[in-house]
Amino acid sequence: MEDELTPQNATLKFPEGFLWGAATSHFQVEGHPTEMSTRLSDWSKWTAIAGNISDSTTADSACEFFSRYQSDIELLGGLNLGALRISLNWAVLCPTSGEDGKRSLDMKEVEYYRNLLSSLKKRNITTFVTLFHFCLPEALADDEGWLSEKTAIEFGRFAELIARELGEYIDYWITINEPLPYVYQGYVDGSWPPGQKQHYLNAFKAVRNMLKGHALAYHAIHKVIPDAKVSFTNHWRPFVPRNKWNPLDCLVTHMRNRVFNHLFPAAIKHGAMQFPFPLNFEPSIKALCEPIEGLKDTMDYSGVNYYTRDMSQHSFEAPFDFFGRSWRNLEAEISCMGWESYPDGLFEILTKELKPYLKRSDGKDCPIMITENGYATLFPAHLVEGDWSLTDEFRIKYLISHLMAMHKAIQKGANVKGYLYWSLLDNFEWAEGLKARFGLVRVAFPTQERTLRKSAYVYAKIAQSNTLDPFI
Ligand code: FCB
């Protein structure tokens with residue numbers, strides 16, 4: 001580590017051994033034939049219902065990663081990237097209950113992931129594997145999903161089975177991806193399964209079961225692989241009041257920050273959920289704050305997903321909503337997701353907000369991995385030929401400004417060990433469908449042709465040299 005801060009106009013050097021990679025998730029890329037032919041998960045069912053996906057596309061084929069993974073791994077290597085984040089298709093891997101009523105693994109499907117993961121390991125690629133990336137097996141989804149403790153128990157069991165079968169290929173485990181956005185979209189906004197609206201209590205009940213599931217999975221993996229590196233990913237978003245002189249804007253900003261950013265990591269730090277005043281006096285919420293067995297300190301590293309910040313304002317609608325609503329600053333530089341590019345937020349998260357969670361109570365330090373960060377452009381799914389979207393200056397600008405912020409944080413002492421760009425390929429972006437394109441690599445969905453964008457070349461150069469020239 002250099003003593004002085006590097007001036008931000010010089011070539012920036014990253015620490016030796018820094019890990020550069022890309023992130024994906026199974027549903028968004030796979031187009032898994034077993035899943036899609038019988039709609040085995042809540043998400044494959046959800047996409048089949050008209051009106052749920054804004055551009056009326058589905059993930060039935062997505063990037064056909066299921067059959068194309070070998071050449072996509074070649075692409076990854078060609079970009080000098082040494083890490084890939086994938087997720088496992090729980091619905092496909094554990095489709096039915098065994099004779100004892102417990103789910104067991106479908107070994108044919110396990111073989112698929114064994115081949116995929118061993119192909120990565122053969123090429124010396126560090127693997128990040130997520131066990132729950134938003135998709136539930138349909139039987140669990142139909143039986144209350146994360147509102148039921150049964151899902152947590154099944155999840156712990158799934159983690160143990162995977163640790164036994166595939167553990168040798170997994171370098172970094174991610175139990176659950178972004179629990180708060182998941183429950184927000186599913187129980188408050190209603191734009192993701194199970195499609196409930198304004199049901200904050202259910203959202204918090206689901207978080208409690210996700211914490212239980214995380215704790216069970218953490219210990220199950222460690223029982224099989226004592227030195228496994230296990231964590232979850234937190235979606236971090238700085239919240240700022242629309243009007244800092246308005247006490248109600250400040251109140252909702254505070255509530256959003258404590259719940260959206262801190263609920264999950266703070267529960268892991270303390271072993272129980274903690275809600276901000278006055279929510280903590282509400283009896284049904286208080287009941288959720290009982291300690292969760294085995295939860296405390298179940299984090300070996302810190303997985304950070306970062307995209308944007310949120311301007312928050314109160315709402316005059318009755319009854320008073322402690323979480324207010326977002327306000328979109330139309331003067332800011334925003335992506336097609338409506339997300340403002342705000343690299344300073346990444347610096348703030350890495351140097352300030354994360355601090356309470358970087359040392360466990362047993363003294364163990366948790367290094368930081370940036371497990372997602374990226375930029376989307378909007379191009380309809382039917383496009384095939386032409387030079388559409390290849391000279392993606394906005395993505396390059398976003399990438400460089402965020403890497404500069406990360407570098408500045410590292411110089412300030414943040415122990416960041418790696419960065420995974422979201423995403424390697426254009427893919428299926430949940431309720432937005434195929435049109436919101438996050439890829440370093442463009443995918444022409446009708447032909448599945450892959451074409452490197454200019455950002456891919458820029459990122460490849462950074463990864464190869466482990467340095468960043470801010471004037472690229
Ligand atoms: C994150 C999700 C990921 C992807 C990006 C754009 O919230 O984890 O699957 O959709 O957003």
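Since this is a predicted model, take the numbers as computed values, not measurements. One-based numbering, in listed order, for ligands and for the atoms of each.
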Is the distance between the ring centroids of [X] and [Y] less than 6.0 Å?
X    : Y    : answer
Y184 : F323 : no
W192 : F134 : yes
Y187 : H199 : no
H262 : W236 : yes

Amino acids in close contact with ligand 1, where any non-hydrogen atom sits under 4.0 angstrom away: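 If the criterion is a heavy atom under 4.0 Å, then ligand 1 touches Q28, H133, F134, N177, E178, H235, Y307, E372, W422, E429, W430, F438.
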Expected output: side-chain R395 to main-chain Y375 donor-acceptor under 3.5 Å: yes
Minimum-distance pair of heavy atoms, taken over all atoms of K435 and P380: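 Smallest heavy-atom distance, with atoms named: CB-CA, 4.3 Å.
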